[in-house]
Protein chains: 2
Amino acid sequence: MDPLTSNPIILKLEQFARFSAEDKQVLNLAAAEGVRQIGPRGDIMREGDRPQTLNLILSGWACRYKHLEDGRRQIISFCLPGDVCDSHLFLVRQMDHSVGSLTPVTFAQIPRRRIEEIAAKYPRIIQALWWDSLVNAAIQREWIVSLGQRDAMERMAHLLCEIFIRLRAVGLTDGHACDLPLTQAGLADAMGLSVVHVNRTLQELRSTKLIALKGRTLTIPDLRALQDAAQFNPNYLHLDGDGRHLDANE
Amino acid sequence: MDPLTSNPIILKLEQFARFSAEDKQVLNLAAAEGVRQIGPRGDIMREGDRPQTLNLILSGWACRYKHLEDGRRQIISFCLPGDVCDSHLFLVRQMDHSVGSLTPVTFAQIPRRRIEEIAAKYPRIIQALWWDSLVNAAIQREWIVSLGQRDAMERMAHLLCEIFIRLRAVGLTDGHACDLPLTQAGLADAMGLSVVHVNRTLQELRSTKLIALKGRTLTIPDLRALQDAAQFNPNYLHLDGDGRHLDANE
DNA sequence: CGGTAAGTTGACTCCCGTCAACGGTTGTGG
DNA sequence: CCACAACCGTTGACGGGAGTCAACTTACCG
């Protein structure tokens, strides 16, 4: 496959900006530089770290999370292929949360200096990264709405819509199906539910044919129906080319 | 009072950058330009709007919020004096949430063009604004933790700690007390609780002497004790000068 | 084939929501 | 100056969604 179009970070950022061939080349080179691997349930960054690199997921799933002192854990967001783990872009020095892998993860570590060089020569790339961080903020807002207002069914349906659509944006869906490498415990930590209740909620979604979930494969036979069940409005993902005014020819 | 130090936006951004006298002057002029007033329960921006200005709270409280179709409402964050209502900085074009006033609000509307001029000549100011948006993202993350993991007591205690410390950063506390112009319904919408339960939770916090709340005045006799009850760790507010490396003399 | 992690189920409990009524305060207009 | 309305806070009774505990099954893996 053509690396210029298959790299998930490019696929995603192209939702937000029109890149020139050179832009893509630069992104590809940066992402190919310090590629790392990590197994499942590892930490890519820990609360308190002062990161000197920008970490970019190439394959696999990770998540941001926070622990409370008594062991409770909340997953704050999922980092899918093409996502930047830390959108602070070096402004914030100390991590206030951790980033851990949920599956084996391949990621690129781009050193601070490299980012600064890119920022100087390719401002459109940096702008696209800022865009991405704003979309992440919008996703966080929607999670707040889910956790605050939606019941377990709606919340689960909403999350599955979000994941499916985000994966689709980077070419990781297959028709009505996608990979869902999350345990029910992972879903529980993300949605503020108990494992038992996640299990029951999934079964209800299955029994109403809104989803099929076998092993790691999630199938959504009728995305519109699932969206309706969740009161899901995809606006907040800003995947509609809202940012394409960051034009390569400006 | 000296306007160079009394403007809440300057007080706040100075947590994140060392401004020169000229920086402050520029900020003050920009904030003095298009000052507007709005009564309580009004909308400063609505979901779907394509804002052409940056709105900066000078006095009063506002909030971001989202409505679900069936009338449920979630407050996503509180905008206090010194806060920027929309940290998109014109990258995102369409609002995916609304911003409404909770009290009478005075705010400055800074036109897009003005921001672009400032960005060209005073990059440190824009960097401080980006920094602020990252802190806002950190606050959102902490709300997710609260809504997902903390029970009503902890959640309420945590929110009151956050508000008090944020107000203190812009000089709006008076010893152990601060203004809290929120109705219990407002608190309920922010914390995903019912009004009735908010009422009971507040009473429990009062009966354990962790807070005193009379009318619109919140008193926290022992902030440390309240923080402990909430498992509140102020790191995430990044008010410790973590960003002061954005130095005026760089 | 044992061992461990993940998924499933039932019984019971509890935090928090809902409903409904009442009291206090403010402000406004007759 | 009082009456009334509107809003906010408070309280009690009751119900339900989700948590907890515990046991069991299934799947996976060396």
Side-chain angles (χ1 to χ4, degrees), chain A residues 39-42 61 68 70-75 100-104 146-160 179-207 211-218 229-230, chain B residues 39-42 61 68 70-75 100-104 146-159 179-207 211-218 229:
Chain A
R41 267 162 288 171
W61 286 36
L68 299 190
D70 53 17
R72 284 175 284 179
R73 180 173 97 130
Q74 176 67 37
I75 290 179
S101 59
L102 296 162
T103 67
S146 273
L147 289 167
Q149 301 299 327
R150 293 192 243 262
D151 65 25
M153 267 275 298
E154 300 170 313
R155 215 183 287 179
M156 181 74 76
H158 200 281
L159 178 66
L160 296 179
D179 197 31
L180 189 78
L182 288 174
T183 65
Q184 295 186 353
L187 285 169
D189 284 347
M191 321 199 13
L193 297 171
S194 67
V195 183
V196 172
H197 206 67
V198 164
N199 184 290
R200 291 182 175 129
T201 306
L202 285 175
Q203 287 180 48
E204 194 176 343
L205 284 170
R206 276 192 280 236
S207 73
I211 67 167
L213 187 53
K214 223 175 278 178
R216 301 180 135 210
T217 300
L218 167 69
Chain B
R41 268 164 287 172
W61 287 36
L68 299 189
D70 53 17
R72 284 176 283 179
R73 181 174 96 131
Q74 176 68 37
I75 291 179
S101 60
L102 295 163
T103 66
S146 273
L147 289 166
Q149 300 299 326
R150 294 191 242 261
D151 66 25
M153 266 276 296
E154 298 170 315
R155 215 183 286 179
M156 182 73 76
H158 199 282
L159 178 67
D179 198 30
L180 189 79
L182 289 175
T183 65
Q184 295 185 353
L187 286 168
D189 283 347
M191 320 198 14
L193 297 170
S194 67
V195 183
V196 174
H197 206 68
V198 165
N199 184 289
R200 290 184 174 126
T201 306
L202 286 174
Q203 287 182 49
E204 194 177 343
L205 283 170
R206 276 192 279 235
S207 74
I211 67 166
L213 185 54
K214 224 175 279 179
R216 303 181 131 209
T217 301
L218 167 69

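Per chain, numbering begins at 1; letters A, B, ... match sequence-line order.
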Engineer: As a test of understanding, state which of B/Leu68, B/Asp70, B/Leu147 forms a side-chain contact (heavy atoms from CB on, under 4.5 Å) with A/Gln149.
Structural biologist: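 Output: one option passes, namely B/Leu68.
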
Engineer: Sugar-phosphate atoms are those with a prime plus P, OP1 and OP2; base atoms are the rest. Using that split, label each nucleotide of nucleotides 5-13 of chain D B, S or - for protein heavy atoms under 4.0 Å, 5' to 3'.
Structural biologist: ---SSBBBB

Engineer: Do you know the tightest heavy-atom contact between A/Ser101 and A/Gly39?
Structural biologist: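 In this case the closest contact between A/Ser101 and A/Gly39 is OG-O, 2.6 Å.
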
Engineer: If every non-hydrogen atom of A/Ser194 is compared with every non-hydrogen atom of A/Ala188, which pair is closest and at what distance?
Structural biologist: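 That closest heavy-atom pairing would be C-CB, 3.9 Å.
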
Engineer: Taking the side chain from B/Ser146 and the backbone from B/Arg155, do they hold a donor-acceptor pair closer than 3.5 Å?
Structural biologist: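 Such a contact is absent between B/Ser146 side chain and B/Arg155 backbone.
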
Engineer: Between N or O atoms, less than 3.5 Å apart, protein on one side and nucleotides 15-18 of chain D on the other: list the pairs.
Structural biologist:
from: D/dA18; atom 1: OP1; to: A/Ala152; atom 2: N; distance (Å): 3.0
from: D/dA18; atom 1: OP2; to: A/His197; atom 2: NE2; distance (Å): 3.2
from: D/dA18; atom 1: O5'; to: A/His197; atom 2: NE2; distance (Å): 3.4

Engineer: I'd like to check B/Gln203 versus B/Asn199 (side-chain heavy atoms, cut-off strictly below 4.5 Å). Are they in contact?
Structural biologist: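 Sidechains of B/Asn199 and B/Gln203: in contact.
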
Engineer: Could you go step by step and tell me if A/Met191 and A/Val198 meet the side chain to side chain contact (heavy atoms under 4.5 Å, CB included) rule?
Structural biologist: CA-CA 9 Å; A/Met191 321 199 13; A/Val198 164; 5.7 Å; no

Engineer: Check nucleotides 28-30 of chain D against the protein and report each pair of N or O atoms closer than 3.5 Å, with its distance, or say if there are none.
Structural biologist:
none

Engineer: Rounded at 0.5 Å granularity, tell me how far CE in A/Met156 sits from CG in A/Leu160.
Structural biologist: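 Answer rounded to 0.5 Å: 6.5 Å.
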
Engineer: Between A/Asp179 and A/Thr103, is a side chain to side chain contact (heavy atoms under 4.5 Å, CB included) present by the stated rule, with each step listed?
Structural biologist: CA-CA 11 Å; A/Asp179 197 31; A/Thr103 67; over 6 Å; no

Engineer: Once side-chain contact (heavy atoms from CB on, under 4.5 Å) is applied, do any residues pair with B/Arg200, and if so which ones, sequence neighbours excluded?
Structural biologist: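 Testing B/Arg200 for side-chain contact (heavy atoms from CB on, under 4.5 Å), a comparison that skips the adjacent residues, returns B/Val196.
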
Engineer: How many angstroms lie between atom CD of B/Gln184 and atom CG of B/Leu202, to the nearest 0.5 angstrom?
Structural biologist: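 It is 5.5 Å, given to the nearest 0.5 Å.
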
Engineer: Under 4.0 Å from a heavy atom of chain A: give me the 5'-most and 3'-most nucleotides of DNA chain C that qualify.
Structural biologist: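 Nucleotide range in contact with chain A: C/dA6 to C/dA11.
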
Engineer: Determine the sole option in A/Leu102, A/Asp189, A/Ile75 for which the side-chain contact (heavy atoms from CB on, under 4.5 Å) test with A/Leu182 is passed.
Structural biologist: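 Filter result, single survivor: A/Leu102.
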
Engineer: List for me each residue that meets side chain to side chain donor-acceptor pair (under 3.5 Å) alongside B/Arg216, sequence neighbours excluded, and say none if there are none.
Structural biologist: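 With sequence neighbours excluded, B/Arg216 shows a side chain to side chain donor-acceptor pair (under 3.5 Å) to no residue whatsoever.
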
